[in-house]
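Everything numeric in this text was worked out from a predicted model, so none of it was measured.
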Protein chains: 2
Amino acid sequence: MEPTDDGLQTLVKTMKALANPIRLRIIALLEKEPKHAYALAKELGVSYPLAHLHMKGLKKMGLIEEIEQQEREGLPSVKTYAPTDFEIVLSSKMIHDIVLKEEEE
Amino acid sequence: MEPTDDGLQTLVKTMKALANPIRLRIIALLEKEPKHAYALAKELGVSYPLAHLHMKGLKKMGLIEEIEQQEREGLPSVKTYAPTDFEIVLSSKMIHDIVLKEEEE
DNA sequence: CGTGCATATAAGAATTTTCTTATACATATA
DNA sequence: TATATGTATAAGAAAATTCTTATATGCACG
């Protein structure tokens, strides 16, 4: 069950991950300052489960990541997140190349 | 009833417009060659109403546009579309700037 | 007059996404 | 022992998106 690296599918998933106001605000706030989910939820004004859900989606698409941090007394327990350094350029030419590339194979 | 130019809202709408496989394929196919909705629907393998619906959304967001063409005998009747020359760069820094800019005002 | 091409829209169904609420666990502090 | 901080997940409700089907119009061709 390979994920069959389809350029179109991957692009759609990435766009979907970015097509939500809460998820965009998560990226923006983590860019301002890396923090953990609980603090982020409060800053966003949403429940922790909702923030966690959205962060899970962003992490899955590689748009944010857990960063190493100071563990106090051996236990991690607090996970700090930051955006990854992605750069996606969207233009009709790019979309053409990504979407119609594998049809020629 | 101004649309209140909210950077976040606009970005979400643009991302939503691009977060669909049919809409991305429309942009890709129109980039290869401008054409009209009916021909596009056939090439996509979807019904005309569905193609029309998706094109309407892309046009609304300014991602595709109707281009001028040879009108035979005064009547347009056939509308040819092409992608506009948008270029959207997505990075955490960009998202930060767009999303958190107006909060300082 | 029927068929193919071409446009546009609306209503309702089907599907997906989003959100809330509940549960569970662990640590620290008042 | 409550309360606050912190993590994680699942079930179901609510909302939004997507898709089909039907309707309507017009031109050209056989």
Trace of the side-chain contact (heavy atoms from CB on, under 4.5 Å) decision for Met15(A) with Met15(B): CA-CA 6 Å; Met15(A) 291 302 97; Met15(B) 291 303 97; 4.0 Å; yes
Heavy-atom check, side chain of Glu43(B) versus side chain of Arg25(B), under 4.5 Å: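 Not in contact.
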Validation row: Val12(A), Lys16(A) side chains within 4.5 angstrom (heavy atoms):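 The answer is yes; the side chains approach within 4.5 Å.
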Rounded distance (Å) that lies between atom [atom2] of [N] and atom [atom1] of [X]:
| X | N | atom1 | atom2 | result |
| --- | --- | --- | --- | --- |
| Met55(A) | dC19(C) | CE | C1' | 17 Å |
| Lys79(A) | dA26(C) | NZ | P | 15 Å |
| His52(A) | dA10(D) | NE2 | P | 10 Å |
| Lys59(B) | dT9(C) | NZ | P | 9 Å |
| His36(A) | dT27(C) | NE2 | P | 17 Å |
| Leu18(A) | dT17(C) | CG | C1' | 16 Å |
| Leu40(B) | dT7(C) | CG | C1' | 14 Å |

Determine whether Leu18(B) and Ile95(A) satisfy the following criterion, side-chain contact (heavy atoms from CB on, under 4.5 Å), listing intermediate values before the conclusion. CA-CA 10 Å; Leu18(B) 295 172; Ile95(A) 293 169; 4.1 Å; yes
Over 60° means perpendicular and under 30° means parallel, so tell me whether Tyr48(B) and His52(B) are parallel, tilted or perpendicular.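 Judged by the thresholds at 30° and 60°, the geometry between Tyr48(B) and His52(B) is tilted.
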OP1, OP2 of [N] versus side-chain N and O of [X]: anything below 4.0 Å?
| X | N | answer |
| --- | --- | --- |
| Lys42(A) | dT5(D) | yes |
| Tyr48(A) | dG6(D) | no |
| Tyr38(B) | dT7(C) | no |

With B for base contact, S for sugar-phosphate-only contact and - for none (protein heavy atoms under 4.0 Å), nucleotides 13-22 of chain D reads ----SSBBBB
Step through the shown structure and confirm whether more than 12 heavy atoms of other residues, nucleotides or ligands are within 6.0 Å of NZ on Lys35(B).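 Yes - once you tally the heavy atoms of other residues, nucleotides and ligands closer than 6.0 Å, there are more than 12.
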With a 6.0 Å cut-off (strictly less than), is the heavy-atom count around CE of Met61(B), excluding the residue itself, greater than 12?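 Yes, enclosed.
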What are the two closest non-hydrogen atoms of Glu66(A) and Lys59(A), and how far apart are they?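 Heavy-atom minimum between the residues: OE1-NZ, 3.4 Å.
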Name the nucleic acid region contacted by Ala39(B), choosing base, sugar-phosphate or nothing; use a 4.0 angstrom heavy-atom cut-off, strictly under.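 Touches nothing.
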State, to the nearest 10°, the angle formed by the axis through the first five base pairs of the helix from dC1(C)-dG30(D) to dA30(C)-dT1(D) and the axis through its last five.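 Both end axes considered, the difference amounts to 20°.
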Quick one: does any side-chain atom of Thr84(A) pair with a main-chain N or O of Leu63(A) as donor and acceptor, under 3.5 Å?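 Looks like yes, one N/O pair under 3.5 Å.
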